[in-house]
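Written out below as structure tokens is the structure these notes cover.
This one's a predicted model, so the numbers in the text were calculated from it and none came from an experiment. Just so it is clear: chains get the letters A, B, ... in the order the sequence lines come, proteins before strands, and each one is counted from 1. Just the heavy atoms: all of them, side chains too, but no hydrogens, waters or symmetry mates, feed the values below.
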2 protein chains.
Amino acid sequence: MDSIVHILKQNNLSVTEGRRKILSLFLNSNGALAHADIEKNTDGHFDRVTVYRTLQSFVDKGIIHTIPTSDNSIKYALCKNDCWEGHHHDHHVHLVCTRCGNTLCLDDVVTPTVKLPREYTIQQVEVVVKGVCKSCNHL
Amino acid sequence: MDSIVHILKQNNLSVTEGRRKILSLFLNSNGALAHADIEKNTDGHFDRVTVYRTLQSFVDKGIIHTIPTSDNSIKYALCKNDCWEGHHHDHHVHLVCTRCGNTLCLDDVVTPTVKLPREYTIQQVEVVVKGVCKSCNHL
DNA sequence: AAATATTTGCAACAACGTTTCTTTTTTTAT
DNA sequence: ATAAAAAAAGAAACGTTGTTGCAAATATTT
């Protein structure tokens, strides 16, 4: 069976054209995608609202995760670890390339441990590195 | 001389009522502020546009810095280190409290070093911790 | 293949942010 | 202290981003 369909079924999502297409965009992209990227790559084929709802349901199901940014643009990327409904485990570092603008998940780079004064409780650590990505460095 | 006026002059900003008031909000707040927070605390006394422009000019001058979030809401906080025009140096960890919702600069917690494969270049590391802040933990 | 459940698209709305232009305020120079 | 010049504020209009309610269309279940 098509792996895209498989992922959707596995997550109890009915298989629709929009979900298939949007999920395939993530599977074929090596970086993170924003809502606008998806609109661009589907050429207005789906309603804005549908795209928002699809992204939200993918996040809810643990198929994709959000990446924090400083510029009011939520980016989404595939979860490659063991995420499931209501339980994300994306303990990797994110890189925002200042040359090409892409946002990448560095799946092999584990988020460093942060030590806070004991009055604080840590629940989750997000690390976003601004820098230059592999391909831009090779230019 | 009033320290607020001093900061503005030092940064070549003319001293206006709006800038004085907004800067004082930052000086009197222990956490980060979003545009909406400022509107709320000035009670519509200043035009929305003025607030946006003031925040932008403060960022440009290195008086405040932005904090990345996962929810499309830019937060701003005072720069306490040596930031100046076009040159931010906020190497501290940010905490988003999941109880009170506040975002705090943990000025004493230096961002950990991150080691990337040598194909990448690091320019800046942003660390945002989700957890519980001091005061919420003491409740 | 029909019944049911889910999703989509549309319309309207609200929040967020930007741009242009005129008026007001601040700063500078006299 | 005052007039001229420079900068900022306010107002209106616009564009983008994201949400909600509802009717029509599409998937899923039986």
Under 4.5 Å between side-chain heavy atoms, hopping through other hydrophobics if needed: is there a path connecting B/V127 to B/V132?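 No, no single cluster joins them.
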
Spell out, yes or no, whether A/V93 and A/V125 are grouped together once hydrophobic residues are joined by side-chain heavy atoms under 4.5 Å, including indirect joins.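 Per the 4.5 Å side-chain linkage, A/V93 and A/V125 are co-clustered.
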
Which atom pairs link the protein and nucleotides 27-30 of chain C when you take only N or O atoms and keep those under 3.5 Å?
residue: C/dT27; atom: OP1; partner: B/V15; partner atom: N; Å: 2.6

Among pairs that include at least one residue of residues 124-135 of chain A, which meet side-chain hydrogen bond (donor to acceptor under 3.5 Å, both in side chains), considering only residues two or more places apart or in two chains?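 The answer is A/Q124-A/E126.
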
What residue pairs, at least two apart or across chains, pass side-chain hydrogen bond (donor to acceptor under 3.5 Å, both in side chains) with a residue in residues 30-59 of chain A?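 For residues 30-59 of chain A: A/Q56-A/D60.
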
Residues in side chain to side chain contact (heavy atoms under 4.5 Å, CB included) contact with [X], at least two apart in sequence or another chain:
{"X": "A/N12", "answer": "A/K61"}
{"X": "A/S73", "answer": "A/T69, A/D71, A/K75"}
{"X": "B/T66", "answer": "A/S70, B/V59, B/I74, B/Y76"}

Select from A/Q56 and B/T50 the residue whose nearest nucleotide in DNA chain D is closer to the 5' end of that strand.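 Its nearest nucleotide lies further toward 5', so the answer is B/T50.
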
Closest nucleotide of DNA chain D for B/V49 versus for B/T54: which of these residues is on the 5' side?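 Looking at the nearest nucleotide for each, B/T54 comes out on the 5' side.
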
Using five base pairs at each end, measure the axis-to-axis angle across the helix from C/dA1-D/dT30 to C/dT30-D/dA1 and round it to 10 degrees.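 Answer rounded to 10°: the end axes differ by 40°.
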
Treating B/R19 as the side-chain partner and B/S14 as the backbone partner, does any N or O pair qualify as donor plus acceptor under 3.5 Å?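 Answer holds: yes.
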
Donor-acceptor check, side chain of A/N11 to backbone of A/L13, threshold 3.5 angstrom: yes or no?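 Absent.
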
Using atom names, set out every protein N or O paired with an N or O of nucleotides 15-17 of chain C below 3.5 Å, distance rounded to 0.1 Å.
residue: C/dG17; atom: OP1; partner: A/N72; partner atom: ND2; Å: 2.3
residue: C/dG17; atom: OP2; partner: B/Y52; partner atom: OH; Å: 3.2
residue: C/dG17; atom: N7; partner: B/R48; partner atom: NH1; Å: 2.9
residue: C/dG17; atom: N7; partner: B/R48; partner atom: NH2; Å: 3.3
residue: C/dG17; atom: O6; partner: B/R48; partner atom: NH2; Å: 3.0

Grab the [atom1]-[atom2] distance between [X] and [N] for me, whole Å please.
{"X": "B/E17", "N": "C/dT25", "atom1": "CD", "atom2": "P", "result": "10 Å"}
{"X": "B/D47", "N": "C/dT18", "atom1": "CG", "atom2": "P", "result": "14 Å"}
{"X": "A/N11", "N": "C/dT6", "atom1": "CG", "atom2": "P", "result": "16 Å"}
{"X": "B/N12", "N": "C/dT26", "atom1": "CG", "atom2": "P", "result": "18 Å"}

For residues 94-105 of chain A, which side-chain N or O atoms pair as donor and acceptor with protein atoms under 3.5 Å away, sequence neighbours left out?
residue: A/H94; atom: NE2; partner: A/H65; partner atom: NE2; Å: 3.2
residue: A/H94; atom: NE2; partner: A/H92; partner atom: NE2; Å: 3.0
residue: A/T98; atom: OG1; partner: A/G131; partner atom: O; Å: 3.2
residue: A/T98; atom: OG1; partner: B/Q123; partner atom: OE1; Å: 2.9
residue: A/T98; atom: OG1; partner: B/Q123; partner atom: NE2; Å: 3.4
residue: A/R99; atom: NH1; partner: A/C136; partner atom: O; Å: 3.0

Would you indicate what A/R53 reaches in the nucleic acid, counting non-hydrogen atoms under 4.0 angstrom: base, sugar-phosphate, or nothing?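 Since a base atom lies under 4.0 Å of A/R53, the category is base.
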
Can you tell me how far CG of A/D2 sits from CG of A/L8, rounded to the nearest 0.5 angstrom?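 With rounding to 0.5 Å, CG (A/L8) is 9.0 Å from CG (A/D2).
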
Anything under 4.0 Å to a heavy atom of chain B counts; send over the first and last such nucleotide of DNA chain D, read 5' to 3'.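 So the outermost contacting nucleotides come out as D/dA7 to D/dG18.
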
Please output the side-chain donor-acceptor pairs of residues 21-29 of chain B that fall under 3.5 Å, not counting sequence neighbours, one pair per line with the distance.
residue: B/S24; atom: OG; partner: B/K21; partner atom: O; Å: 2.8
residue: B/N28; atom: ND2; partner: B/S24; partner atom: O; Å: 3.1
residue: B/S29; atom: OG; partner: B/G31; partner atom: N; Å: 3.0
residue: B/S29; atom: OG; partner: B/G31; partner atom: O; Å: 2.9

Return each pair, listed once, that meets ring-ring contact (aromatic ring centres under 6.0 Å, His included) where at least one residue sits in residues 113-139 of chain B; pairs must be two or more places apart or across chains.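 Sorted result for residues 113-139 of chain B: empty, none.
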
